[in-house]
Amino acid sequence: MPRYNPAVIEPKWQQYWEQNKTFRCPDLPDPKGRGKLYVLDMFPYPSGAGLHVGHPEGYTATDIYCRYWRMQGKSVLHPMGYDAFGLPAEEYAIRTNTPPRQSTEANIANFTRQLKMLGFSYDWDRCLATTDVEYFRWTQWICLVLFDTWYDHAQGKGRAIAELPIPAEIVAQGEIAVEKYRDQHRLAYQDDALVNWCPALGTVLANEEVIDGRSERGDHPVQRIPLRQWMLRITAYADRLLADLDSLDWSPGIKKLQADWIGRSLGAEVDFAIMPQGDWGNWLATRSRSGFPAGPDSQTLRVYTTRPDTLYGATYMVVAPEHPCVQRITTPELRSSVEAYVQSASFKSDRDRTEGDKKKTGVFTGAYAINPVTELPIPIWIADYVLASYGTGAIMAVPAHDTRDYEFAKTYGLEIIQVVEPKDATAEELRAIREGEICFADEGIAIHSGDFSGLATQEAKQRMTQWLSQRGVGRQAVNYKLRDWLFSRQRFWGEPFPILHELDADGKPNGRKRAVPVESLPVDLPHLEDFKPHGRPEPPLAKADDSWLYVELDGKSYRRETNTMPQWAGSCWYYLRFISPGSSTAMVDREQEAAWMPVDLYIGGAEHAVLHLLYSRFWHKVLYDRGYVTHKEPFQRLVNQGMILSYAYKDKRGALISGDSIHEDEQGCATHKETGEVLERIVAKMSKSLKNVIDPEGVVKEYGADALRLYEMFMGPLEATKPWSMQGVNGVRNFLDRVWRLMVDTRTEENQLLDGVQDVAPTAEQEKVIHATIAAVTRDVEQLSFNTAIARMMEFVNYFTKEEVRPVQAMETLTLLLAPFAPHLCEELWAVLGHSSTLAYEPWPVFDPQKLKAAAVEIPLQINGKLRAKMTVSADCSPEELEQAARSHDRLAELLEGKQIVKAVVVPGRMVNFVVK
RNA sequence: GUCGCUGUGGCGAAAUGGCAGACGCAUUGGACUUAAAAUCCAAGGACCCUUAACAGGUCGUGUGGGUUCGACUCCCACCAGCGACACCA
């Protein structure tokens, strides 16, 4: 008996779709249609390993959604492309000594072949790669927009640099000063920053690419060194990136992840007067008691705190080792120990700083500051638990109410003064806090705080901030964890910066920069014989021929910027290019952008919850401010697919066993091939070392693309993490066979309609099944609840398998409902059912609520919430009738005999519950 | 350490205040077959009592409390697993 053969059917329909351009998307949505839908997948990095099973998970989900909405009459934009710049390609190129473009193109070809094998309904004419010269021409163009934009905090938006007001005193200093002033305000600017330098990769990395002091890619150690780098002023947009999250249809979890990354906090800045060295007594006697000098100058140390209410408890201060005041305030006696500490801190990687128990270390500077409320001198310390890059790089330490300060104070024997008391605590807890045995970091009631005593923390914060600003020694302040984005890399395989550095007559850069003229874009990568990093921060592009490196323009000489952009750059805006991939006059066609944006559904892995999505939103907002796009946010709805895991086995000692050494018997019991030990099955990430990686191409070859698609959707909810099971794949493949046999006569080699499939009207019961299935599948697909939609279709097939006569109408309905999930099989069935063209645009079946109504329903009868009996009544039975029927039900009446009914709960059409005593 | 997610049969899961375990995998039985595979049909949470059988009862959604006529679902506390962040003052 011939089974349905995907190896023949699937390529046949893939060819059909390609030749007929079935899924070509029009430039603009069809005005006569039911609106537009832009559905986007996170485009893959085309690695040499090819697709893994995680790719088809999200891609199948979006494909089903798109195919469904096409049948519902929407114009659907559903593109695919490749994020192809980046380190792995370059590492591979270095290893094999081939140009990165060559391996990248081979990998893209392989990915495209594999994706097409899965039957996704992309408009392949829109396919792009970030490495296409015509693509990165516009990446460079956006880079120039960033270079040409400054953030106007008064208006709350980015504006052209030409509109930046220049203060008169700067104008007076001449043209160079004006240019410098502009450079200081650009969204893309160069700065001497402490950067994460990774010698092994030969490049600097963004904070986000450094995990525990090691590179995210390759796990190499990272050092902090000062280096002149390109930065993007994402911090200017922190407020808007946070506020606009509200308008997005994203999961609360992802929103929170982004919000936490932006890390907005409201607090106060406080200026502490530094006591001059030497004649302290005299200074104390002569200074004014009415206040301290305002602003950070040589006399004051400015801190940021979120707990100004604890100011009375500030018993010492700490500045970061990199803080500029360190040199100035350190007393001569302590200079050597301070310098030694600063030295050692700078050599420490972030890893070293956070490693181990994180024992707090620090040294005393010898200097003192005055606590503005107690007016008592407090010592100033240096410690690396205070970060130079957050707030002001200095803190007031309140050991009684901050766990880090507490730990530090305990280590160095510093004073601990309690100034907040918990609202409700046991006497023992109160005593422990009072005596400094534990640290109380929560909110409570202020004590020992002068006029502020008795105030609740929130109130005390406000009043203290007010008090400070009245005296000019403090003010309300907002801080963000978000830092500016380090945007340059010292690697070959990335977009060159479209920036030129002006050279003086002697060939030395004079510090003036200019943008490459737009008409000269793109700046292509030069040909380099040797593009290896050499462990020094000088980028590989500096080794290019002079003909690339040096440019004459308007009678001046320039040297090209030799840094390249990070891999994130290309993925920041690819969703825009998909809208008009061929446009040679703009990054995106205005009319088309307005018509298609925003992205209605964006599906991808949660690993991009912070970086890619934040960077993209930032660029989009800049483009919005500058009038190049029409929406504030790019991605209206975001869904994160769950990770697909695999089974792994471990022995009694907990050691993981490689797939090679495992023998599995028919009962599914796994033993070690050599030792015979019975192994425990666990769920783990797929990994090469465990040899439990599932190759999607192999699954397609064995079971077919439709089976792979259907299985990945049937495994569980899209967003859940779930383990792969080959038996499960076999199960859905069986289902597809059952669908095939439901309609096709398998006794002959020809695909002929089964005799039982007849053009007759369905019975009332069959109609109920048909319409219930349409209703459930429609709702489930719209909610991306694909696993339950498939279950409903399985029930449908189980039902009709038992029916001898299978109305054509029922079979056509099933074919259309299943088509988004298993498109190849359904196209073939559609043809067998007598249709001559694709079902991709057939109207989606409509359900009739009338036909869903059952004449009779079974009602559970409960006593005290426990199920006691069931009865069948007519569906339109009134509550009174229902209760009466329940009371007179034989079994129930027997159980109710002699009991007093306190209450009867009657839910029409659902249940009856008697509460008895 | 902080935050988040998850916890339901042998396994993947469904049900989000109203009959727990839909659907699928694996299992078992039956039909078909010389036989096997494939296919079709059927059974199945645990325990108890009774029985030839039908039926009946108790317990059951990580643990302990609570709200409710009624809780897998809502609230509180805890435990376990996974993930993210990790000195952000």
Side-chain angles (χ1 to χ4, degrees), chain A residues 1 3 211-212 251-254 256-257 260-261 263-265 267 303-307 310 318 350 353-354 358 360 383-387 389-398 401-405 407-408 441 479-483 606-607 609-610 642-643 645 647 666-668 681-685 710-711 714-717 719-732 734-735 737-738 741 746 785 787-795 797-798 801-802 858-870 891 902-907 909-916:
Chain A
M1 204 193 299
R3 296 170 95 197
I211 294 162
D212 280 343
S251 77
I254 295 290
K256 192 169 183 311
L257 226 49
D260 287 351
W261 194 266
R264 183 183 198 272
S265 71
V303 303
Y304 172 76
T305 178
T306 53
R307 292 295 300 271
T310 61
V318 185
D350 277 8
R353 279 202 191 187
T354 55
K358 294 185 206 163
K360 298 213 169 12
D384 63 7
Y385 81 90
V386 171
L387 308 175
S389 50
Y390 182 77
T392 62
I395 62 158
M396 63 178 216
V398 185
H401 306 294
D402 181 286
T403 50
R404 297 151 302 181
D405 298 344
E407 207 183 304
F408 191 78
N479 249 301
Y480 298 94
K481 285 193 210 174
L482 187 69
R483 311 290 153 81
E607 67 273 20
V610 177
M643 211 188 327
L645 304 177
Y647 289 118
E666 274 132 41
Q667 314 301 316
R681 191 175 80 170
I682 57 158
V683 171
K685 277 187 193 173
L710 202 68
Y711 174 64
F714 189 58
M715 288 170 88
E719 295 180 74
T721 308
K722 45 219 173 240
W724 186 276
S725 148
M726 271 306 176
Q727 287 175 332
V729 185
N730 197 47
V732 292
N734 273 339
F735 166 67
D737 282 329
R738 279 161 65 83
R741 286 194 302 268
T746 49
S785 179
N787 54 332
T788 52
I790 294 165
R792 293 288 90 79
M793 290 187 276
M794 285 173 169
E795 285 178 279
V797 171
N798 289 346
T801 298
K802 286 169 202 159
E858 198 183 40
I859 301 286
L861 304 176
Q862 301 178 342
I863 294 174
N864 285 345
K866 291 202 172 173
L867 181 69
R868 291 300 168 194
K870 289 176 187 178
R891 170 82 187 141
V902 179
K903 190 176 173 184
V905 182
V906 181
V907 185
R910 295 221 87 142
M911 48 76 64
V912 178
N913 184 21
F914 291 108
V915 186
V916 302

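Numbered from 1 within each chain, the chains take letters A, B, ... in sequence-line order. Only this structure's heavy atoms are used, side chains among them; waters, hydrogens and symmetry mates stay out.
- In this structure, A:L710 places its CG atom 14 Å from C1' of B:rG12, rounding to the nearest Å.
- Going from the P atom of B:rU6 to that of B:rG70 covers 27 Å, rounded to whole Å.
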Step-by-step side chain to side chain contact (heavy atoms under 4.5 Å, CB included) determination, A:I395 to A:Y304: CA-CA 6 Å; A:I395 62 158; A:Y304 172 76; over 6 Å; no
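- Taking only side-chain atoms of A:T801, from C-beta outward, the nucleotide of B:rC69, B:rC23, B:rC41 with the closest atom is B:rC41.
- The nucleotide B:rU58 finds its pairing partner in B:rA46, both defining distances of the Watson-Crick or G-U wobble pair being shorter than 3.5 Å.
- The separation of B:rA71 from B:rG64, taken at their P atoms, amounts to 15 Å, rounded to a whole angstrom.
- Base pairing annotation: B:rG24 forms a Watson-Crick or G-U wobble pair with B:rC11, both donor-acceptor distances under 3.5 Å.
- Taking the C1' atoms as reference points, B:rA77 lies 31 Å from B:rC19, given to the whole Å.
- Counting non-hydrogen atoms under 4.0 angstrom, A:K870 reaches a base of the nucleic acid.
- A distance of about 23 Å separates the P atoms of B:rA43 and B:rC48, rounded to the whole Å.
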Verify side chain to side chain contact (heavy atoms under 4.5 Å, CB included) between A:T305 and A:R307, making sure each step is shown before the conclusion. CA-CA 5 Å; A:T305 178; A:R307 292 295 300 271; 4.0 Å; yes
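- Put simply, the side chain of A:Y711 never gets that close to the backbone of A:M726: no donor and acceptor are under 3.5 Å apart.
- A side-chain donor-acceptor contact under 3.5 Å links A:K722 to the backbone of A:P717.
- Pairing for B:rU63 goes to B:rA77, judged as Watson-Crick or G-U wobble with the two contacts each under 3.5 Å.
- Spacing between B:rG24 and B:rU39 at atom P, rounded to whole Å, works out to 13 Å.
- Close to B:rA89, at under 4.0 Å from its OP1 or OP2, lies no side-chain N or O of A:Y385.
- Taking side-chain N and O atoms only, A:K802 has a distance below 4.0 Å to OP1 or OP2 of B:rA42.
- Of the candidate nucleotides B:rG12, B:rA22, B:rG18, B:rG18 has the atom lying nearest to any side-chain atom of A:V907.
- Position along RNA chain B of the nearest nucleotide to A:Y390 versus A:L867 favours A:L867 as the more 5'-ward residue.
- Closest approach of A:P860 and A:R910 over heavy atoms only: CD-O, 2.9 Å.
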Begin with the C-alpha distance, continue with both residues' side-chain angles, and end with the deciding distance and a verdict on side chain to side chain contact (heavy atoms under 4.5 Å, CB included) for A:R868 and A:F914. CA-CA 10 Å; A:R868 291 300 168 194; A:F914 291 108; over 6 Å; no
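- In this structure, A:N913 does not reach the B:rC19 phosphate: none of its side-chain N or O atoms is under 4.0 Å from OP1 or OP2.
- Contact annotation for A:N787: backbone-only contact, meaning every heavy-atom pair under 4.0 Å involves sugar-phosphate atoms and none involves a base.
- Using a 4.5 Å heavy-atom cutoff, the side chains of A:V902 and A:V916 are not in contact.
- With distances taken from any side-chain atom of A:K256 to the nucleotides B:rA89, B:rG4, B:rG24, the minimum falls on B:rG4.
- Using a 4.0 Å cut-off between charged side-chain N and carboxylate O, A:D737 and A:R741 make no salt bridge.
- Per the geometry, CD belonging to A:E407 stands 18 Å off P belonging to B:rA86, to the nearest Å.
- At a threshold of 4.0 angstrom between heavy atoms, the contacts of A:N479 with the nucleic acid are absent.
- Within the shown strands, B:rU2 is the pairing partner of B:rA84 under the Watson-Crick or G-U definition, both distances less than 3.5 Å.
- Evaluation of atom-type donor-acceptor distances gives no pair under 3.5 Å for the side chain of A:K903 against the base of B:rC69.
- Using a 4.0 Å heavy-atom cutoff across all strands shown, A:E719 reaches no nucleic acid atom at all.
- Nucleic acid contact for A:M911: base, since at least one base atom lies under 4.0 Å from a heavy atom of the residue.
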Show the numbers, then the answer: is there a side chain to side chain contact (heavy atoms under 4.5 Å, CB included) between A:D405 and A:Y385? CA-CA 9 Å; A:D405 298 344; A:Y385 81 90; 2.8 Å; yes
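- Scanning atom types as modelled, one donor and one acceptor separated by under 3.5 angstrom connect the side chain of A:K360 and the base of B:rC87.
- For the pair A:R681 and B:rG10, the criterion of a side-chain N or O lying under 4.0 Å from OP1 or OP2 is not met.
- Contact annotation for A:S265: backbone-only contact, meaning every heavy-atom pair under 4.0 Å involves sugar-phosphate atoms and none involves a base.
- Proximity of A:K722 to the phosphate of B:rG24: no side-chain N or O atom is located under 4.0 Å from OP1 or OP2.
- Annotation: of the two residues near RNA chain B, A:A394 and A:G253, the 5′-most nearest-nucleotide partner is A:G253.
- Classified by its glycosidic torsion, B:rG83 falls in the anti category, the angle being over 90° from 0.
- A close approach under 4.0 Å does occur between a side-chain nitrogen or oxygen of A:N734 and OP1 or OP2 of B:rU39.
- Taking only side-chain nitrogens and oxygens, A:R910 never comes nearer than 4.0 Å to OP1 or OP2 of B:rG70.
- When each of B:rC40, B:rG12, B:rG57 is scored by its nearest atom to the side-chain atoms of A:R741, the top-ranked nucleotide is B:rC40.
- Among the atoms of the strands shown, none is found under 4.0 Å from any heavy atom of A:R264.
- Looking at the side chain of A:T788, the nearest of the listed nucleotides B:rG18, B:rC87, B:rA15 is B:rA15.
- Heavy atoms of A:S725 sit nowhere under 4.0 angstrom from any nucleic acid atom.
- Using a 4.0 Å cut-off, no side-chain N or O of A:R792 falls inside it from OP1 or OP2 of B:rA14.
- Picking from B:rG4, B:rC19, B:rA89 the nucleotide with the shortest atom distance to the side chain of A:T306 gives B:rA89.
- Within the 4.0 angstrom heavy-atom criterion, no nucleotide atom of any strand lies near A:G263.
- The side chain of A:A791 approaches B:rC23 more closely than any other nucleotide in the set B:rG12, B:rC23, B:rA84.
- When each of B:rC3, B:rA14, B:rC23 is scored by its nearest atom to the side-chain atoms of A:P717, the top-ranked nucleotide is B:rA14.
- A:Y711 comes within contact range of no nucleotide atom at all, as no heavy-atom separation falls under 4.0 Å.
- Going from atom CZ of A:R868 over to atom C1' of B:rC19 covers 13 Å, rounded to whole Å.
- Base pairing analysis places B:rG29 opposite B:rC41; the two distances defining the Watson-Crick or G-U wobble pair are each below 3.5 Å.
- Within 4.0 Å of A:P252, counting heavy atoms only, lies no atom of the nucleic acid at all.
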